Amino acid sequence: MKKLEVSAIEEGTVIDQIANKSTFKVANILNIQKIEQVVLIGFNLSSKKLGKKGIIKIGGKLLTQEEVNKISLIAPDATVNIIKGSEVVKKFTVDIPDSIEEFMKCFNPNCVSNHQKILSRFHVINKNPIRIRCHYCERHMCVDDIELV
């Protein structure tokens, strides 16, 4: 079987161990269509840990903490590699924060956070599997209910 080889990037970020179904959601979080440097997306790649995985390589980009927090909700097994001079200088697994503000929307259409100009707030009840409770309406959400804004 032939192996597909993807060239290394000199400077930037590699997000690996993305659950296959979450690969394009992570790409959307990073708004990759607006990035002018090299972006490589691998999908349906073999993984001993996940079975099938995705990988995203982005030249010249370092992730913000908000982007890392968003990725942790969508792809909690993802690892982030910071590349400088074609070498990995930092590697870490994303970590789901204990509380979330601003970047998520409550799935309850009657929640006050969807009708008034207030910051959305959530508490992480369980990290594996993900269970999140809205601060205002106290509805519980799982990973499939998460809508990032």
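Any value given below was found using the heavy atoms of this structure, including those in side chains, with hydrogens, waters and symmetry copies removed. Just so it is clear, the model here is predicted, and its values are computed rather than measured.
Under the 3.5 Å distance criterion, the side-chain polar atoms of Asn81 are left unmatched by any main-chain donor or acceptor of Lys91. Side chain of Glu11 to main chain of Gly59: no donor-acceptor pair is present (N/O by atom type, distance under 3.5 Å, no hydrogens or angles). The backbone N or O of Lys25 lies less than 3.5 Å from no partner atom in the side chain of Ser22, so there is not a single donor-acceptor pair. In terms of modelled atom types and a separation under 3.5 Å, the side chain of Asn69 and the main chain of Ile100 share no donor-acceptor contact.
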Would Val143 and Leu73 count as a side-chain contact (heavy atoms from CB on, under 4.5 Å) if you check the C-alpha gap in whole Å, the side-chain angles of each, and the deciding distance to 0.1 Å?
CA-CA 7 Å; Val143 69; Leu73 294 172; over 6 Å; no
Determine, stepwise, if the pair Val14 / Ile9 fulfils side-chain contact (heavy atoms from CB on, under 4.5 Å).
CA-CA 9 Å; Val14 176; Ile9 55 174; 4.1 Å; yes
If you apply the rule side-chain contact (heavy atoms from CB on, under 4.5 Å), what do you find for Asn110 with Cys137, and how did you get there?
CA-CA 8 Å; Asn110 296 322; Cys137 72; over 6 Å; no
Please step through side-chain contact (heavy atoms from CB on, under 4.5 Å) for the pair Leu148 and Met104, ending with a clear verdict.
CA-CA 4 Å; Leu148 300 173; Met104 216 175 108; 4.1 Å; yes
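For the atom pair Asp16 CG and Ser47 OG, the distance stands at 7.5 Å (nearest 0.5 Å). Atom-to-atom distance recorded for Lys49:NZ and Thr79:OG1 is 7.0 Å, nearest 0.5 angstrom. The distance from the SG atom of Cys134 to the CZ atom of Arg121 is 10.0 Å, given to the nearest 0.5 Å. Summarising the geometry, atom CD belonging to Glu147 is positioned 10.5 Å from atom CG belonging to Asp145; distances are rounded to the nearest 0.5 Å. With rounding to the nearest 0.5 Å, the separation of NZ in Lys53 from NZ in Lys48 is 10.5 Å. The distance from the NZ atom of Lys21 to the OG1 atom of Thr23 is 11.0 Å, given to the nearest 0.5 Å.
Between Tyr136 and Cys111, the shortest heavy-atom distance links the atoms CB-SG, 4.1 Å. Taking every heavy atom of both residues into account, Gly12 and Leu62 meet most closely at O-CD2, 4.4 Å. Residue Ile130 comes nearest to Pro76 through the heavy atom pair CD1-CG, 4.3 Å, listed as atom of the first residue, atom of the second, then distance. Listed here is the closest heavy atom pair of Lys105 and Phe122: C-CZ, 3.8 Å. Considering all non-hydrogen atoms of both residues, Val26 and Ala75 come closest at CG2-CB, 4.1 Å. Residues Cys106 and Asn114 come closest through the heavy atom pair O-ND2, 3.1 Å.
Annotation: side chain of Ile118 is in contact with side chain of Ser113 (closest heavy-atom distance under 4.5 Å). Counting heavy atoms from C-beta outward, Cys142 and Pro129 have side chains that stay 4.5 Å or more apart.
Exactly one of Arg131, His135, Glu138, Arg133 qualifies for a side-chain hydrogen bond (donor to acceptor under 3.5 Å, both in side chains) with His123. That residue is His135.
The cluster map of Ile, Leu, Val, Met, Phe, Trp and Tyr, joined by side-chain heavy atoms under 4.5 Å apart, puts Ile74 and Ile132 in the same cluster. Cluster annotation: Leu30 and Ile18 are assigned to the same hydrophobic cluster (Ile/Leu/Val/Met/Phe/Trp/Tyr, side-chain heavy-atom contacts under 4.5 Å, transitive). Hydrophobic cluster membership differs between Leu63 and Ile55, with clusters built from Ile, Leu, Val, Met, Phe, Trp and Tyr side chains linked at under 4.5 angstrom. A continuous path of ILVMFWY side-chain contacts below 4.5 Å connects Val39 to Val80, so both sit in one hydrophobic cluster. Ile83 and Ile71 fall into different hydrophobic clusters, where Ile, Leu, Val, Met, Phe, Trp and Tyr side chains are chained together by heavy-atom contacts under 4.5 Å.
The number of heavy atoms from other shown groups lying within 6.0 Å of CD (Glu36) does not exceed 12. Heavy-atom contacts from other residues, nucleotides or ligands closer than 6.0 Å to NZ of Lys127 number more than 12. By the 6.0 Å contact criterion, CG on Asp98 is open, its count of non-hydrogen atoms from other residues, nucleotides or ligands being 12 or less.
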